[in-house]
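Here the structure comes first, spelled out in structure tokens, and everything after it is commentary.
Model, not experiment: these values are computed from the prediction. Below, read A as the first sequence line, B as the second, and so on, with proteins coming before strands; counting in each chain starts at 1.
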Amino acid sequence: MNRIAKRFLATSAESIQQTQYNVFDRGAKLKHRSLIPRSNPSLSRKKDYLKDDVAIKTIERLGFITRPMDKVLDFGSHNGSFLKNLCITEDIPQQGIDQADVEMLKQLNKDKESIRGKIKELVMFDSSEALLNRDIDEEYAKVFPGKVTRVVGDEERFNHEVLKENEYDAVISNLSLHWINNLPQTLANINKVLKPDGLFMGTLYGGDTLYELRTSLQLAELERRGGISPRVSPLVRVNDIGNLLNRAGFGMLTIDAQDIVVGGFPDIISLCEDLQIMGEQNAVLSRSGYLPKDVLLAANEIYKSLHGEVHDGEVTLPATFNVIFMIGWKKSEDQPKPLERGTGQVNLKDIL
Amino acid sequence: MSPPNKIRPAKRFIQSSAKCADSGKLYGECILANYTGMTKDRCANEFNKFKACVAKQLGKPF
């Protein structure tokens with residue numbers, strides 16, 4: 001009796017470390033992300049708009065970095081939107097565009113060229129082979145002078161041989177970290193593969209992403225069924241990012257968030273189809289996997305009433321994607337640091 | 001994945017609901033008026049009318 005009680009009550013420290021609280025079904029997510037790129041690549045390419053937009057914003061930000069970027073890791077690279085946007089030169093229209101926009105496009109093309117020249121080796125890392133190799137034969141990659149390596153591996157397990165310590169000058173990661181269960185650990189791993197004073201520039205979907213869809217489904221389920229179930233992923237809030245990056249060992253952080261609103265969906269199904277083609281459908285472990293027709297009908301009407309936009313008498317649905325941009329540097333001895341407490345020479349009282 | 005020009009059942013379903021925009025709008029407005037204190041079947045009357053209209057469009061109950 002005594003022995004049995006002991007076995008039930010005691011938990012060894014080892015087993016605590018191994019149990020990890022999982023929110024996302026990584027296996028299902030891998031299938032979601034691989035399905036369309038494998039079966040219908042051209043359809044998959046049509047829904048790259050968010051990834052392309054964020055890749056361009058990343059390039060604009062990288063343009064300000066004067067550090068060498070010999071070896072760069074694109075962690076969770078999808079099909080390689082970063083590489084694609086780095087290689088494609090923007091067309092500058094001759095008419096119907098104001099001077100400021102022309103200057104911006106010119107600057108962007110300049111940035112692309114200079115970053116292309118700086119990267120000697122780009123390692124693209126993603127868990128979905130079908131998605132990673134979708135655009136492997138595209139012509140645009142020929143303008144990239146450096147070496148491109150595509151590596152298939154698990155982002156969460158982080159055990160691939162290319163992920164060596166102190167290996168990369170910079171790591172970028174666009175719109176894929178939101179499916180990671182253990183984000184603090186993954187960020188710490190990214191920190192490890194960076195060289196000292198190396199740059200991490202990442203983006204992920206944050207708190208208010210798809211809030212219209214989330215609230216419509218919640219209200220519809222509440223009214224029709226009397227309860228709610230997880231239909232949209234729990235996401236990181238922008239306020240938590242600083243803490244997360246700090247814990248992972250990054251310093252000199254820059255964090256900002258931006259709403260990208262995609263409008264013009266005729267109904268809720270069109271929006272969900274787009275998400276499916278992007279490989280972003282629900283993969284929460286406790287998802288119900290089935291949406292009753294009643295709830296679907298109700299959610300569609302609630303979406304229209306609460307969030308719909310009227311254009312020429314037609315109601316269309318907008319979808320908000322809240323993208324968090326984060327920049328952090330791996331700590332190093334020769335980085336500028338704040339002075340120690342109490343070493344100030346000037347009394348602020350005298351100035352203010 | 002079905003070929004692009006074939007309409008998926010869910011899409012056809014939601015498209016037939018578009019023809020019931022008026023009764024659907026009444027349901028949406030009821031939710032909008034009550035969303036701070038939502039309970040089960042708060043807008044059941046409006047929903048049943050809307051559902052009946054969609055079923056008529058589909059030609060079968062669901």
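- The shortest side-chain heavy-atom distance between A:Ser305 and B:Ile31 does not fall under the 4.5 Å cut-off.
- Note: B:Ser17 OG to A:Lys293 NZ = 12.5 Å, rounded to the nearest 0.5 Å.
- Residue-environment remark: CD (A:Glu129) stays at or below the threshold of 12 foreign heavy atoms within 6.0 Å.
- Contacts of A:Thr215 with chain B are absent, with no heavy-atom separation under 4.5 Å from either backbone or side chain.
- Residues forming a side chain to side chain contact (heavy atoms under 4.5 Å, CB included) with A:Asp154 (at least two apart in sequence, or on another chain): A:Arg26, A:Glu156, A:Arg157.
- The distance from atom OG of A:Ser270 to atom CD of B:Gln15, rounded to the nearest 0.5 Å, is 7.5 Å.
- Using a 4.5 Å cut-off between heavy atoms, B:Lys25 touches chain A through its backbone atoms (N, CA, C, O) alone.
- A donor-acceptor pair under 3.5 Å is formed between the side chain of A:Glu223 and the backbone N or O of B:Arg42.
- Atoms CD and NZ, on B:Glu29 and A:Lys304 in that order, are 12.5 Å from each other to the nearest 0.5 Å.
- Note on A:Leu297, A:Leu219, A:Asp267, A:Ile302: by heavy-atom pairs under 4.5 Å with chain B, the leading option is A:Leu297.
- At a 4.5 Å heavy-atom cutoff, the contact between B:Phe47 and chain A is made by side-chain atoms alone.
- The number of heavy-atom neighbours closer than 6.0 Å to NZ of A:Lys57, taken from other residues, nucleotides and ligands shown, is above 12.
- Expressed to the nearest 0.5 Å, how far CD1 of A:Ile268 lies from CD1 of B:Ile14 amounts to 7.0 Å.
- B:Arg8 and A:Gln276 make their closest contact through NH1-OE1, 3.1 Å (heavy atoms, listed as atom of the first residue, atom of the second, distance).
- If you take CG on A:Asn300 and CZ on B:Phe13, they are separated by 9.5 Å, rounding to the nearest 0.5 Å.
- Interface residues of residues 309-320 of chain A toward chain B, defined by a heavy-atom distance below 4.5 Å: none.
- Around OH of A:Tyr140, the count of heavy atoms belonging to other residues, nucleotides or ligands within 6.0 Å exceeds 12.
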